[in-house]
Structures are given as structure tokens and as C-alpha cells.
Amino acid sequence: MSRLSERPGEVIDRTRPMDFSWNGKPYRGYAGDSIASALAASGVRVFSRSFKYHRPRGILTASFHDPNLMVQVGDEPNVRAGHRLVEEKMEVSAQNAWPSLGFDAKGVNRLLGRFLTPGFYYKTFMSPRSLWPWYQRVLARFAAGGVVGVDPQPGRYDHRYAHPDVLVAGGGPAGMAAAIDAAEAGAAVILVEEEHRLGGHLRWGDSDDLGALEELSAAVLSHPGIEVMVDSVVTGRYDHNWVAIAQRGVEGVDERLVKARVKCLVVATGTIERPYVFEGNDLPGVMLSTAVRRLINLHAVRPGERAVVLSANGPGDSAIADLEEAGVEVAEVIDARGDDTVIKASGRMGVQGVIDSRGRRHDADLLVTAVGWTTTTTLLNMAGDRPMYEPRAARYLSKSLPYDVLATGGIVGDGSTDQLVQHGTAIGREAARRASVVKFQWLTAVPTGVTRQPPDTSEIEVPPLEAERHPELFRSSTHGFVDYSEDVTSKDLFAAAAEGYDSMELAKRYTTVNMGPIQGKLEAVNAVAIHGEATGSSPLETSTTTWRPPYAPVSLGVLAGRQYEPVRYSVIQPWHERREAKPLVAGSWIRPEHYGDPVAEVTAVREAVGIIDVSPLGKIDLRGRDVPKLLEFVYVNKWSKLDVGKVRYGIMCNEDGVIFDDGVTGRLGADQYMMSSTSGGAAGVWNWLDDWLQTGFPDWDVKMTAVTDGYASINVAGPNSRELVGRLTEIDLRPEAFGYMEVRTGVVAGVPGCFLWRIGFTGELSYEIHVPSAYGLWVWERLLEKGEDLGVRAFGIEAQRIMRLEKGHFIVGQDTDGLTQGHGMGVDWAIKLDKPDFAGKPELMWQAERDDYRRLAAIQTEDPAIVPPEASQIVAGDVIKGRITSSRMSPTLGRSICLGQVDPDLAAPGSRLHIRLSDGVTVAARVLEHHAHFDPEGTRLRG
Amino acid sequence: MNQKARFSAWGLFKRGLTRSHWPRVWDHHELRDSYDVVIVGGGVHGLATAYYLARNHGITNVAVVEKSYIGSGGSGRNTAIVRSNYLTPEGSKFYDRSVELYEHLAADLNFNVMFEQRGHMTLAHSDSSLRTMRWRAEVNKLQGIDSSVIGPEEIKSLAPFLDTSDHPRYPILGALWHPPGGIVRHDAVVWGYARAAAALGVHIHQGTELTGIEVESGRVAVAQTSRGDIATSTIVNCTAGWASLVAKMAGVRLPIITRPLQAAVTEPVRQFLHPVVVSGSLHTYVSQTARGELVFGASVDPFASYSTRGSLEFATGLATHVLELMPAISKMRMLRQWAGLCDMTPDFGPIIGPTPVDGFYVDVGWGTYGFKAGPVAGESVAEMVANGRPGSLIEPFGLERFHAGTLTAEKGAAAVGH
Amino acid sequence: MAELSPIPADLAPEARGESLVLSDFSVVPKWRVFSGHEQVRPGTSATVEDRLVWSVSPGEWTVVGPAPEQDPVVDLSHVRMMFRLTGPDSSGLLAKVCALDLGEDMFPDGAAARTLVAGVATELIRDDQAGERSFLIIPSRSYGRYLHTVLLDAGGEFGLG
Amino acid sequence: MLVILCPHCGPRNSDEFSFQGEIVARPGPASDQETWRDYLYMRDNVAGWQTERWFHVSGCRRFLNVERHTVTNEIGVVTPVGGVQ
């Protein structure tokens, strides 16, 4: 192979040479060359070794979909050398060959071919069973493909949304015509072309084709209504015309995923040339007619010296002319429209001779086949179409499409450029019309009040585009490769059918035909036909396989895009960061776990005063006459008589009686309540209230506003908390003026609009101050400043967890699980079964009648130094009797403390338990009388 | 089983030399007008049930009716992960038996199902998930199951591509490590059971759709199919995705919502990931097959559907999550995505057992865990059909629990899936 | 209205690109009311007595400016942040993080929506300034830092940052 | 990603909504166990058209009744749940 002199349609820029390497050796190509064309121009013939037999492989299609041209480029595996343009300093190497392409040690598998029949691995390696792990390692070593490194150059990826009226997939003549006319009709159009240039097959055609190409592409590129994306691929059409495009060649990024909601999709993806199955059909030098035409006309590469051509169609005949013009000696033309065909290609590292069906041998280094087409119906499949095989044309054709999908070009039929353009034009106009119908429907639904003329309802007449008659040519009389990526031969398909894998789907799964990186794009029709032959049915009677997304493999990087992951921060976060708080991920919040010494933080709270940022606490502002009704319904306890200024604790259960949140609600005014929920449960509670208000009790007068982010919430806890808070507010904090479980509103540190409630998760005297968020950091810093002499210290979640455990307060989701109903948590006092109704009431009623459920219990190990890890099991012998749900070493008590869920027979105070530690050792423990390990009377809290 | 058809390396060699074909793995049969047992669904569950009915209980007048081809449903669409590190004692006991059956399945069926015990690692990104991992490990250990919690260093040595660095959003704090877990060639399990059942006389009717069930005085009488009626006293519903619809034919209502579960596979690359890696918080699981492909799965789709078309959001979400775990593989390419149907129950436990209609049994509601339970479900259902009542292994999973209010506790572990 | 102009004197833009300005208006007072603006339909905004009013849900309105007279009124000033993105590329930037069709037909000047922006439910108002395309982006406060970072990152290709 | 024509917001992607499932009427609090647990657990799980509930959680936060074909995902009429104007 060598470079030709200048061609009229060539896409290479001879003024811009590109130096790159192939397997470590220097090569030179030109800008516009694919890796494959640049190498071919320098005489490279073998590009890869095959998956199973390690046979040498060369150019077959010279396009993206060439199974033999998968190479490693730097740290990127499985690059399509038939598509990827060569770049300066690119490092390209062959995959799947060891030690070298020329000599591949695993090529020994070729000799073993007759034993490596389909599914051979299902039939062996079974005994002795002890050797199976060794077999696994050997088999794994034969995995094909490129290499990923632990630390590669990161790629740059991006996403964007698009809302075109019409999206045209495929930039051949019909696709371009459709785009132009849709845009002319006023539609906003996106035109997507997989290759680097528009034009489809016109690019490698004659001067008329090139003239038409120039005219069409100029019209497309200059039209303001058309956005053109080349080197981009429509990877999928999903429900409701949600279309994904992997766009390359965008400045600043390697790839971008465009997610388009398309009003009308035009599929103009054309056809792919189909290989022919015969002995030796995978030898380097066996090429499709489109491959040689691409090489000659686009890249000015002479694909061989002496060629045999097997042609069954006009484009194949044109390839002969191209070959001759390129100075390739055409030794023989075998016309497949008659009875003649090719039996075999022979040679070692490439074609050396061709044997035809008359038994003649022709010396040649190139065998060109043109035996038919595969329609690229993937996108149509995804739109619900089940294309039918049309024997007259020897290919699948579309059967029925939804309203918002149209097809044009080779996927529909054949024709002259004019006919293709005429069809595309009509389809483009119809697509614009249908898009306007969809848009009208959407516009009438958008609330912005824009009015529009109703769209034209009369369909545009589309001229017929018939698929030409074509002989059915799939396999010669000798066997050869059907699936190049998977090394599946026609013989394998016969063997699978004989073994009973006699539906196409089973045969596919058994032989792995169509399952490789090319996804059956080249071989699907051949596989179906040969399977049909093997089972005595015609392809028409055999089902086709389902094409699944993506249309072409798409990088994980572009699918992920920029990886934005929402995170929430409290307004006090800058302070936490300055103090190097250990971050704790809690749902989407990032919170301070501690500031270096959680035990000291506990001590500060117990002995002096501490402040904790509890801003993520859920807060819902409730207004209206019927708020008490709502509270009465969603909480298990009673709410009708909550006075202004009071706060009450409540538990919420689902309709199955399972606890899902707890919190306090306070009455701030006659018709104004503030509900709090756990941080993790905030969104769920908000949605739950909305659900009941909208679907259950739409007549109730309740106005609800989620104000979680409106307040920075700071809990000031410890014996000195009253003194500290008192230094910042005029609110009367005396116990008789502001008692436990009460709420006050007022000014704190000069900030109006605060509310305070006197509650205490830590068990200490404490005030939870809710400050309008913008001032949260200010108040936080004032507390630290004003409390310096009182020993104030910030504490984190860990210290809070320790203290709440000392107090025996449970955490929903940690001390409860997905099946814990209300009575299991020792809150029977709160569950008011005499209320007429509330969420979950029937289940709680039935639970109260039973005695078979686990109870929450405070547990202490007999050895105070042992802290059983959370989730340790409570056992009686091998029987599980419960588990530790929370455990810590208590700095206050100087011993280990736990909460756990325990079977009813062990839940009574004083019961002796056995806890199994992770090393299997069992330790004894006992159940306490109260949940609280510390200050069970609550004297500190109420003080 | 026909000795001449026995699979072995020697057999492969012999047939390679003589270039002769292997005999058929199963045959086509005419539909009889009566069978002792009609099994609906030719997936792992249905075929395993048929096999164990024949092998363990001598019941061979059995038809498996499959509306498409065998293994076309969930059995051919799952990500083929096998493990037994479940949260509840009943769950882990049950799946442990399944792992045990899988370990011996190749020898038992004379069909290499390629069970690769690469180890199964469930990552914890938060304290609460670490606590759940510990919970599972402790319950597992009590059942004698190899399961423990490991730290970031050991994680890194088992799977060097995992990003165990200081990660703001999804730090890897630890993992549940389960060495016996692994992957298996799902099609091979289907074919192995089909071949072995067929050899014992079971009729496998592909392309045969159940269209109705006739119930006479509270008993199953006739299975109506697209190829004719079958008189029978026993019908076993072993379907996934259509369980509610099949049960409805017998007048039985189920607590099931069908949701698609999507999966994807990449192009092959050289081996770099040995264990199966799961992240519950990121709704992702990944393993590398012997062929070099990465196989991915996620959680069920956000809304109920009988569609198996797949979505872009699955692909983008999955890629985002996988790259959180393994940023180095961004240049690998997704080759194919697909979906299977999962019948989700309220407590994430299956429904196996009799129903209010005599002779109508269900083995349904497998959610996302059906494939790994195939062998043990088949064995247990066969035992139940033969004895007329469920054995102790499946007793906790009866339909009546939803009216008795005795749900299984596996829901607690649902977030960590697969 | 004056206090929401693209670059008020006392509020320097957070970031300025070649064709984009991102500024922070979080300090302006915002209120939730449940009546009194029935003429402002969900999905739209209007200027009523020098206050910007919009609705994204039936029976609820957000009012910007001095506290309204209605009862009840909930103060949203601290609950929400408010960014303004102004310039010809503003819809181009938003198209990278928001799936809503912001084209002239579907989202004309005055349109209002609550929708996902970079995965976060956010209110979005088209509020052109002197003929220049401009959007108010109103996320919940705790997401503000994240969203601000995202907007700068996504705006990189338009020179923002 | 489906498009749901929200009666308040116009065409929106389905990821703004939370799927609530088939619509089940709540029996009274004095129901027997059979009735109550049917309400909690049993579902028709229709393969075809059904009216189901969606919550426009990232949009107008309204609960909606949505006609959808559960096999094709085609969407029919979308209406607000009663009581809301």
C-alpha cells in the first residue's frame, strides 16, 4: 500500500504532516488521515490479532465500525483506528498481540481451532474442581482489548441539553436535504454526522457526487437554522424522543454529551456494507468495496497492487473503476450477480491468492467484496420499530414508526442522488410540520400564555424511495468468519444449531456472535442468514436480534460529564473549615463530626457549655386554622391543646406503623407553628405533609413553607447555657419564665426574628437558637466570644451522639430499622390509640395487642471497659436475640454504654444478655431500668 | 443422562478430531394434554424446579412453558452475581444453600457454569452504611458464612483501581468482604438446568405462552397455553416481570410492583478488577468478566414499568457513580445497556409458597435477587410441590405474611443491594 | 426594578465573563404570600407596585421587596439565595445544567419556573434587563455555595470564572 | 426520561417528579386487617394503561393523577389531584 498523487475528493492536508508512532516506531501521516489510512499509506497491513485465535487482521471497512482496527492510543484502549484522526506525537500500539503483531505466541490457538468450538468452556474445566481457579486465571489471560492504567491522563467531559424541533441523524445526501428543508420550514435543526465530514457516500463518489456534496454541504453549513455536529454520534433514542448525542471536536473538552428532547427525529443513518463469509475472509487484504473507495478517494492510499473484485452491485462496480484509476491491477472481476463467487482467500499474514467458484486461482494481494448492505436500524429499533427482512433487497427495512420519528436515505431505499435528495427534502418538511404539532401541544401546556397558530394538519407527500433488487449473498460454499470481533465462524453457528441452540437469540448467546465491540453492525444479517441455513429456515422466518443502545460505544467519561454532585452546607461552614473540623457526610449535608477531641467536647458541655451547629434540622413553617388537625393526624401523640409558647415532642409513623421520623413542634403564635424534623428526614416529612394535605385533606386550611435553610440552628447546651444565652438576649430566661419544652421569639445578639426553644437532646439545660441564616455565623461567633469565660466550646456530631446515648435518646434509622413499629421504642406513652385516626393507627393498635416484637433497651456490659461495636449481635447460643444499635465509651460515666433492640423475653430491666463481639467472644451485659444511662430523672435538663 | 453426550475435555478432543457435532442439549416435544406439574417460566427458577422435581422427587411428567426462549427474562438479563451475605438469618441461611449448590453445580449438571468466586465487596461510604455492613457480617458469621468488615487498606490491595483517597462526598470508609461471592455465567446455568432436566424426561416448551388458568372448586384444573390446554393439578408460577399477571389468571392478587432494573457492559479490556465491587450509596455494582468486559448494574428504575428499553439516565448516572469509585476508567466505553423486570415486594423478600388456590404455587417477587437464589429456590419449590407444604428454609417467605403482618427484615439491607 | 438591576452600585458582580455577568442578590428581601396576586398565574412573573412577584405553584407567590401586607406572610429572605445571570450566553450556560427549554417560545421574558438546576430544585425567572437576556436563579440557601461553584464551572467556556 | 405535561408547569422531565404508584383508596381506621393490609401491600400491577400518582417534587410540588401505559410509557391526560385550583 502506498500514497497516491492528489485526488479530487481527498480529505488530507498534504501541507500538514503528522508524526506519530506505531508500536514504538515512527510514522508520518497528514492532517485528515485516520490512524489506519496513515499506517496503510506507509505499507502497514496487519493492525491487530483476533480475539480467540489470534489471527492477523487488517483493514476491512476502514471506518468507525471496523472490527479489526481497534488500537491503543496512549492510555486510551480500544480506539477505532479507521475513524480517529492521526495527531502529532500520538502513540499508537496494537492490542491483543504478544510479543508482537508479526509473531503472536497465542496464535497457537489457531491450530487448536477445531477443539475450541462454541461454548467449549461449558464442556470442560469441570474436574477436578480444585483446578477450576487455575483454569479461571488462564482463561482470564486471554481476555482481549486494550489496557487501562491506574493513573491515566484525566479526560475532559461535558454535558448540555438541547431542544431542537428536528434532529437529523446522518449527514449523507438525504440527511442534509432533510435538514435544509426542515430549517427552511422554520424548524430549529440539529444535524449529526458520525464521520468528520458531511456527505456520506458522496464523499468517495465521482465528480457529479462531489459537485452535489459541495452544493448540499454549503447550504447546510450556511443555514442559520441548522446546528451541525460532525464527528458526533447519536447514541440512543429513548422514550419520548429523548436523544443522546456524543459530540466530539468541541473546543475545550474531549467529548460532550448532548441530551436532546427532540420534537421530530429524522433517522438518515444509511447503510453499512456487509462482509461475505468464505474461507480466509478475515485475511489482511480482504476489504469491502467501501473500504477501498474510502482509502483511494478520501485518503489517497493505494490499497494493494493486484486485486480480485467480487461485485454484486453498482457501488462495487464503481470500486473497480477507482482501483484501476489508482493504478491497482484488477486481475479478475467476479460478478456475483451471476453464479460465480469466491471460495477462498489464501495467504499467511495476508491475501496472496484467491480461488473462485470455477476453481481458478488468482494471484492477488487484495480481494474486494461488494455483496450487499446492512441497514443501520438501531435508532428505529429504539423507537419501537421492528424492521422486517426484505428478500428482494437482501436487507431489513423499516416496518412502522411512531409519529415523532421519520426515516430517509439508504435506510429507506436506494436511488440516485437526486432521488435521495428529493426524499430527504420531503421528509425534512414533514418533520418540521410534525415538530410544530408537538410544539403546539407543549405551548398550550406552558403557563406563560404565549399563543400560537395551530399547526398545519395535512401531511406532506413523500415521494417513494424503493430498495433496489439485490441478490441474497451471505456465505460462499466454504466456511469463514461471521463475527470478526468474537472470532465466530459460520461453522460455529451450524454447530450451535445442531446442539439445540436453535433460536437466533440462543445461538447468539451461545456463540457470542454479535456481542463484541462492533455489536453485530457488520455481521447481524449474515449471522441470521447462516443461522437460518443451519436450522433450515430463511432469515425472514428467523427473528432478528434486538439492537440496544448505545448505537456506538460511548465513553464512561462523557456519560458522566462534569460530575456535579449536590452538597449542602450550613452558613457556619466557613468557621468549621477554619477550625479544621472533620467533615461528616450526612445525606447531602457536609457537617462537622468533631474539632479534634470529641471527648473534651462532651466534657465541656457536661461541665460548662458547648454550642453545636444543627442547621440541617428540618424546619417547616405551618400557618392556618387547621394546623392542629394536621399535627393530630401525622403524629402518634395528641396535639389539640398545645398553648402558644409551648413545644411538644412527636413521633411520625408510616401507614404500616413503622417509625419514620421524630422531632418537636412549637406554637409560635395563634395560627403559627414551627415543626422540626430530623436532618435526614426533612425532605421526607415535607413531602409526607404535602401528600396528606393535597390528597387526603384538601379542604384543610394549612399553609406550609419549608424554612430549613432560613434559619441557622445552634444548640447551646450545658450548665452555663442560660448564662451564656442571657448575655446575648433580652428574652427572660429564668426557669419560671421560660420553662422546659417552651418556645420564645425575639432578638439574639442584635438579630431580630430569632426563635428559641428549650429542649435538650444532650440531656443538659439547653436552648436551641434559630437565627435567620444570614446572621448565623455572626451569632455563632458572638456565642463563642461572650462565653469564653464560661468555658464555651464548639462541639460536633460525635459529641452529640455520645451525649444523646448517655441520655438514652434514640435516633430514627439507627436505633430503629425498616420494620420497627411505634411500640418497639418504649414510647407507648406517646402513642394515643384513643385518637379517632392518625397515620399508621391500625397497625399500632394491632401491635399493642401483640407481644412478639423487639424492644429498645439501654444495655451495659458487665465489663465496663468493653464497648461492643454497633451492630454486634445479642445471642443465646447461636440464636440471635437482638442487636446493639448504638454504643460508645461514656466519658461522663467512665464506662461503656449501649442501646439495643432485644427480643421481648430479654427486654425486662435486669435481664442478663450475651453480646457476641466480632472476634466471636461473647460478653455478658444487663438491661437497665431506664433508657437513660445518665440522669434518668432529667434534673439537669429541667433545671 | 446419555453417556455419549457427557461433556468433558476428552469429549471435546475426540469431537475436534472427528469434527462431529455434539447431540442436542434438549429436544422439541409435542404438548401433552396433561402433565403432573406445569411450571410457568423457563428461567433459572422454573428449570431448576423442574430439574429437582425430577432428580430429587422422581416427578418427571413435568412441562416447563416459556413464552419466548429459555433464559429470555431475568435469567438472561441479570448481572450474574452470587453471594450469601444477607442481613437476616433466614435470608443468609437460604442464600448460603444457594452458594453451596452453585459451588457444585458444574459437576452436578455436567455443565460448566463458570462460577468464579472472586470475592464480593460492598463498600461503605458513611457511618450508617458501615454499621449495616457490620450488622450483616455479624449475622453471617453466626451462620458460618465467610463475611467480615475490612478497612481501606485491604480494600485497596484487593481492588487497586478503587479511589480510597480522601474523598469529600463518597469516602470509602470500609467494606463488607465476602470471599465466597462471585459471578457465574448466567446463560450456562439456564442451559445446564434445561439440559439436565430434559435428560430426566422434563418437557421444555419454548414459544409457549400461558394464556389462562382454569380453577375448579378452589383447585387448579387446566393450564391454557398458546399451543393448547393442559390438564394439570399443579401449576407453579416461576415468572419474573409477569408474576402479577400470571397469578391474576388464577385469581390471586400479589403484593408486587414491577420495576425495570438496568444493566450495562463495556468493551473488553485486560483484566484489572478481580472482585465484585458494590456500592449501595452509589447504587452501583461492577465486576469484570473473564472476557474482560465490565458488567454494571444499578438500582431499580424510579418508576414502575414493564418496559425493558433502558434509559439514558441509567447510563449517565451509572457512569458518574462508577467514576466516583474508579476515576481511572473514564476512557472505557459502554458497549450495550439493557433492562430486566424485577418484581418488588414491600419487604424485599421473595414470595414462595402455596396460595389460596389449591395446586397453585408461587415462586415470585424476587426483586433484584432472583438469579442468585435460582438453585435453592428450585430445590425448595420442588420439595414443596412434592410434599405439598413448604420446607423450613422457605417458610418465612410465604404469601400469608403480608396479611399476618410478619414481614421479613431484609428491607433493612435493601439499600445495599446485590 | 432598580434594586435588581444587573450590577447595582453596592453589589459588585461575583464574576464577569466576555458575554456574561453573574451577580449575587441574596440580600434582597423575599416573601411568601398565599393570596393577593391571583392575576400572576403559576409559571409567570410580574412587577406589581415596584415589587417583583412570581408564582411557580398554584396558591403561592413569592414577592421581592418590602414586606407585603397580606396575611400570612412568610419571610423567605434567608431561605433563598438569589443570583442573576445576565448576558447573551446566559441561556447557553443554563443549557448545560438545566433541562428546561429556555427558548423564546417556551420561556419568554417574565416566565417563572421551579425546576432542577444541576440536580437541585431551584426557582428560575426570566427577567431581561434593558433588552439584555437575564435570569434570576433562586436556590435554597444551603445549596447556594454548590450552585454558585457549578455556575462558574459551567460558565468557563463563556469566559466566566 | 419521560415528558410529563404538568398542568401547572408545562412539559417537564420525569426526573422532576417522584413516582407514587397506583392510586389506592385509604380504608377507614377501623378496617379489619385483611382490608388494611390489602391497602398497604396488594397492588394490581397493571401491564397497560393505568392512572397513577406522581408528585412534582422539584417543580410545583403538586400531586398529580397521570394516565400512563406501563409497557410503552406513553402518557395520557395529567390532572391535578382534587381540591387544588
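Just the heavy atoms: all of them, side chains too, but no hydrogens, waters or symmetry mates, feed the values below. Residue numbers begin at 1 in each chain, while the letters A, B, ... track the order of the sequences. Because the structure is a prediction, the values reported are computed rather than measured.
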**Study point:** B/F272, part contacting chain A, at a heavy-atom distance under 4.5 Å
**Key:** side chain
**Study point:** Heavy-atom contact with chain A under 4.5 Å, split by part of B/D127
**Key:** side chain
Point to revise | Residue B/L130 versus chain A: region with a heavy atom under 4.5 Å | key: neither
Check your understanding: Can you say whether A/Y510 sits under 4.5 Å from chain B via the side chain, the backbone, both, or neither, judging by heavy atoms?
Key -> both
Point to revise | Separation between CZ of B/F7 and CE of A/M126, rounded to the nearest 0.5 Å | key: 7.5 Å
Exercise for review: Counting only heavy atoms closer than 4.5 Å, note whether B/V265 contacts chain A via side chain, backbone, both or neither.
Suggested key: neither
**Study point:** B/R131 bridged to A/E870 by N-O distance under 4.0 Å
**Key:** yes
Point to revise | Engaged part of B/W10 at the chain A interface, taking heavy atoms whose separation is under 4.5 Å | key: neither
Exercise for review: Inspect the contact between B/R333 and A/E76 and indicate whether a charged nitrogen and a carboxylate oxygen are less than 4.0 angstrom apart.
Suggested key: yes
Check your understanding: Say you draw a straight line from CG of A/L556 to OG1 of B/T316; how long is it, rounded to the nearest 0.5 Å?
Key -> 11.5 Å
Revision key, fill the gap. Turns out that what part of B/Y69 lies under 4.5 Å from chain A's heavy atoms comes down to side chain
Exercise for review: Give the member of B/Y170, B/W191, B/F111 that has the highest number of heavy-atom pairs under 4.5 Å with chain A.
Suggested key: B/W191
Check your understanding: If you measure from CG on A/N78 to CD on B/E267, what distance do you get to the nearest 0.5 Å?
Key -> 4.5 Å
Practice item. Please answer whether the main-chain N or O of A/S918 pairs with a side-chain N or O of B/R134 as donor and acceptor at a distance below 3.5 Å. Key: no
Revision key, fill the gap. The interface call for B/Q206 against chain A, heavy-atom contacts under 4.5 Å, is side chain
Point to revise | B/P171 versus chain A, the contacting section by heavy-atom distance below 4.5 Å | key: side chain
Practice item. Select one option (side chain, backbone, both, neither) describing which atoms of B/P89 are under 4.5 Å from chain A's heavy atoms. Key: side chain
Check your understanding: With respect to chain B, which residue among A/G516, A/P517, A/G813, A/P549 yields the maximal number of heavy-atom pairs within a distance under 4.5 Å?
Key -> A/P549
Check your understanding: Are any of the side-chain nitrogens in A/K508 or B/D187 under 4.0 Å away from the carboxylate oxygens of its partner?
Key -> no
Study note, to complete from the structure: By salt bridge (charged side-chain N to carboxylate O under 4.0 Å, His left out), B/K156 pairs with (sequence neighbours left out) none
Review point. Just checking, any donor-acceptor pair under 3.5 angstrom between side chains of A/Y238 and B/E313?
Key: no
Review point. Is the ring centre of A/Y501 less than 6.0 Å from the ring centre of B/W26?
Key: yes
Point to revise | Short N-O contact, A/D502 and B/R24, less than 4.0 angstrom | key: yes
Exercise for review: Could you tell me whether the side chain of A/E499 and the main chain of B/W22 form a donor-acceptor pair under 3.5 Å?
Suggested key: no
Check your understanding: With the threshold set at 4.0 Å, does a side-chain nitrogen-carboxylate oxygen contact exist between B/K331 and A/E255?
Key -> no
Practice item. Please state whether the side chain, the backbone, both or neither of B/L318 comes within less than 4.5 Å of a heavy atom of chain A. Key: neither
**Study point:** Contact origin within B/T308 toward chain A - heavy atom pairs under 4.5 Å
**Key:** backbone
Practice item. Check whether B/H28 gets within reach of chain A through its side chain, its backbone, both or neither, counting any heavy atom under 4.5 Å. Key: side chain
Point to revise | Interface moiety of B/F314 toward chain A, non-hydrogen atoms closer than 4.5 Å | key: neither
